[in-house]
Amino acid sequence: MVTHPNTVQPDALSAPDQVILEVEDISKSFGGLRAVDHCSFSVRRGTITGLIGPNGAGKTTVFNAITGFIPPDTGRIMFRGEDISHLRPDQIFTRGLCRTFQIPREHGTMSVLENLMLVPMGQLGERVWNTLFRRGAVAREELQYRDKALEVLAYLQLTHVQDEYAANLSGGQKKLLEMGRMLMAEPELILLDEPAAGVNRTLLKNITSNIQTLAHERGITFLLIEHDMNMVMSLCDPVIVMSEGRKLVEGAPAEIRSNQAVLEAYLGGQYAAAER
Ligand SMILES: Nc1ncnc2c1ncn2[C@@H]1O[C@H](COP(=O)(O)OP(=O)(O)O)[C@@H](O)[C@H]1O
Ligand SMILES: [Mg+2]
């Protein structure tokens with residue numbers, strides 16, 4: 001098996017009860033619509049925490065607030081004890097909090113390998129000073145990125161498509177590529193927005209086992225939005241249920257499955273839409 005390039009974080013593995021992310025009283029309105037309504041929850045280090053709820057419950061908006069894409073109207077977000085509520089997405093990213101989008105955002109006209117190498121290059125290679133005066137350093141670093149990118153691709157079983165244009169990948173492969181782009185950044189917390197949507201069964205297994213390995217062997221924490229209940233119930237613990245912009249309940253998968261309030265939220269909401 002190919003070893004993952006991220007360094008193991010021993011403190012993450014030995015202190016599973018520590019809170020890594022705290023969402024405190026977040027609200028967000030769009031015009032008259034309150035998409036998120038005083039929502040609070042926390043994510044413990046080393047967990048694969050599920051975030052579920054009917055369509056329109058506000059899950060993606062919460063992700064957007066956590067990652068700096070949409071500033072919340074109220075409340076604050078604490079990541080590793082730091083208030084990140086007013087930081088830009090790139091500042092949050094470099095602190096080790098990464099996310100994927102419901103619709104993958106690959107660079108279609110670049111190869112898969114180039115897509116990965118692009119991630120950390122922004123930190124050294126793009127600076128004019130370095131390009132002009134430190135060519136050697138940039139070239140060395142580029143080689144390192146290449147090695148790391150190849151390692152990430154092998155890890156995700158994407159080596160066979162490394163020279164393909166990203167645009168030519170299947171939906172599931174694009175999701176894996178997005179995960180790969182995050183791994184290049186050595187994240188501590190990964191937010192996944194519907195990783196199973198539009199993914200075939202083989203790739204779904206690949207994605208699921210990657211999440212498990214990264215969580216259990218590398219101590220990376222996951223928060224994932226997913227409509228595929230089989231995936232949520234087998235992968236996530238705890239599961240947080242959102243309804244109408246706030247947290248409804250949180251519990252172990254078995255508790256959530258038999259919870260009456262959860263059932264009613266889905267039935268009362270757009271159950272059919274949520275099942276899509
Ligand atoms: N940028 C936006 N502008 C206007 N309304 C939005 C925007 N983003 C989300 N909404 C609305 O906010 C509500 C919550 O959306 P969302 O967070 O995407 O829910 P979920 O991901 O749980 O399905 C929905 O009613 C949605 O239409
Ligand atoms: Mg959504």
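Please read all numbers here as calculations on a predicted model, not as lab measurements. Any value given below was found using the heavy atoms of this structure, including those in side chains, with hydrogens, waters and symmetry copies removed. Just follow the structure's listing: the first ligand is 1, and inside any ligand the first atom is 1.
- Within ligand 1, counting atoms from 1 as listed, the ones closer than 4.0 Å to a heavy atom of Ala35 are 12 (O), 13 (C), 14 (C).
- Grouping Ile, Leu, Val, Met, Phe, Trp and Tyr by side-chain contacts under 4.5 Å, direct or through others, leaves Leu33 on its own.
- Taking a cutoff of 4.0 Å between a charged side-chain nitrogen and a carboxylate oxygen, Glu188 and Arg45 qualify as a salt bridge.
- Using a 4.0 Å cutoff on heavy atoms, Gly58 counts as a contact of ligand 1.
- With salt bridges taken as basic N to acidic carboxylate O contacts below 4.0 Å, none links Arg146 and Glu114.
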Side-chain donor/acceptor pairs under 3.5 Å, residues 165-173, sequence neighbours excluded:
unit_1	atom_1	unit_2	atom_2	d
Asn168	ND2	Glu164	OE1	3.4
Ser170	OG	Gln173	N	3.2
Ser170	OG	Gln173	OE1	3.4
Gln173	OE1	Ser170	N	3.0

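- Near Asn55, meaning under 4.0 Å from any of its heavy atoms, are these atoms of ligand 1: 23 (O).
- Those atoms of ligand 1 that come under 4.0 Å of a heavy atom in Leu33, given as number and element, are 11 (C), 12 (O), 13 (C), 25 (O).
- Applying the side-chain hydrogen bond (donor to acceptor under 3.5 Å, both in side chains) test between Asn210 and each of Thr213, Asn206, Thr208 identifies Asn206 as the sole match.
- Among the atoms of Thr61, no N, O or S atom is found under 2.8 Å from the Mg ion (ligand 2).
- Numbered from 1 in the order shown, with element, the atoms of ligand 1 that lie under 4.0 Å from a heavy atom of Thr61 read 9 (C), 15 (O), 16 (P), 17 (O).
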